[in-house]
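Encoded as structure tokens, the structure appears first; notes follow it.
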Amino acid sequence: MYLTKDEERMYNGEHGEVVEKAIKIIVKVGEALGADRLVQVSHAHISGVSYFNIGDEGLELLRDLRDKGARVQVYTTANPYSLAGLGLYKEKEIREKQLEIIKILTDIGVDSQSFTCIPYRLRKPGLGEHLAWAESSAVIYANSVIGAKTNREGGLIALMAAIIGRTYYAGMHLDSERVAKIVIIPKFEIDSILVASLLGLYIGRISKTIPYIKARFRTQSGIVLDIMIRNMLASIASTSDIPLAIIDGITPKGTYSVEEEERIEIDRKDIEEHIHYCDSDTLLLGCPHIELHELQYILDYSNMRSLMNYGVKRILVTMPKIPLNAEVNEIIQKIREKFKISVEIFPGACAVVSNLSMLGFSVIATPHGKALHYLPSLAGVKACPINV
Ligand code: F3S
């Protein structure tokens, strides 16, 4: 692989042991994927932040990197942590280890205000900008909606890329790889977060390669459209390893090409085939994270009425870090008084990467495809689809 003079110095250990290790890992992965050079990235995003996911071994690795002087070279954000980071769980050891992971990441330069799976809301990448992001839902959004360029990195590779400010020049960084070969036409209107999610889960299951999706959304712009797209994409990324899905009218022109080899039409009954409705009085919102104004929009009057009909009594909301100030408390209070539904906000956290069964939960309702897909295996609870 061709390395610049500066990269050669990193490779030869002139920038220290951690940088040397990081560039050697990136070069090795790049060579395996056919890259002939590295590319500078402007933003890295790290996943694997929950103690429940990385365990003692992951924590030990992070400690070791920090103690050897690891420092990120570019703007770096991190995924949400487990609910232990907010002091939940009676086991002190779990809480302390989660807090230590957060501290190590901020020590090495991760933005302490990040810990979100929608890092594009903290810093929106430019068109064609090269990134090194882990977190499948953010990767597919960056490639498909923003027109930025990132592979779907593992958490450790994204961290190594952050430490050297570069990644391997292959995959989604190359225009020649951003080609859709399968055209997908849903024959129905996407009119809710759940329908967007179910469609995404289905597309992920049937697509072996980058899809070109000709979808009709109920709204043509605004908050609701963005939430539906975010959920459709996150769901595609849950049932596949696809890093880019081209959405007709949304994906910026010039960032992809289409060479149709196959065309598939999808009926509404197709996407509902694997779905088993069930009941839960607890609703999870915010997977991917939602912002406060989006939460307000979702919890509008009519939706609250239907949630009441479902028997929802408690809403858990995971969102980017926000101060729980008077404005937020007022919103929560209003909902509580008007609908007798309690709303609990978990800033910077992810319920899916938390052991929810240890917190006494057994069934959770959610409209989010990614949560529906992962809650049983990662959080140890049954997931019920709910039409929000
Ligand atoms: Fe985000 Fe956690 Fe869902 S990281 S996408 S809230 S699984």
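All values below come from the heavy atoms of this structure, side chains included, with hydrogens, waters and symmetry mates left out. Here, residue 1 is the first one in the sequence, and each next residue gets the next number. Start at 1 and go down the list; that is how both ligands and their atoms are numbered.
Cys287 lies close to atom 3 (Fe) of ligand 1, since one of its N, O or S atoms is found at a distance under 2.8 Å. Metal site remark for atom 1 (Fe) of ligand 1: Cys117 contributes an N, O or S atom at a distance under 2.8 Å.
Look at Gly286 and you'll find a heavy atom under 4.0 Å from some atom of ligand 1. Ligand 1 is never approached by Ala371 to a heavy-atom distance shorter than 4.0 Å. Note on ligand 1: Ser137 sits in its first shell, one or more heavy atoms being nearer than 4.0 Å.
Contact atoms of ligand 1 toward Pro80: 4 (S) (distance under 4.0 Å to a heavy atom of the residue). In summary, the atoms of ligand 1 found under 4.0 Å from a heavy atom of Lys370, numbered by their order in the structure, are 5 (S), 7 (S). Listed by number with element, the atoms of ligand 1 under 4.0 Å from a non-hydrogen atom of Val352 are 7 (S). Shown in contact with Cys350 at under 4.0 Å from a heavy atom are these atoms of ligand 1, numbered in order with element: 2 (Fe), 4 (S), 6 (S), 7 (S).
No option in Leu33, Asp36, Val27 other than Leu33 meets the side chain to side chain contact (heavy atoms under 4.5 Å, CB included) test with Tyr168. Of the options Leu38, Leu131, Thr167, a side chain to side chain contact (heavy atoms under 4.5 Å, CB included) to His173 is made by Thr167 and by none of the others.
Between the side chain of Asn355 and the backbone N or O of Ser357 there is at least one donor-acceptor pair closer than 3.5 Å.
The 12-atom threshold is exceeded at NZ of Lys321, counting heavy atoms of other residues, nucleotides or ligands nearer than 6.0 Å. Within a 6.0 Å sphere centred on CD of Glu93, heavy atoms belonging to other residues, nucleotides or ligands number 12 at most.
Remark: SG of Cys278 is found under 2.5 Å from SG of Cys384.
Judged by the 6.0 Å distance and 45° axis criteria, Arg37 is not positioned over the aromatic ring of Tyr2.
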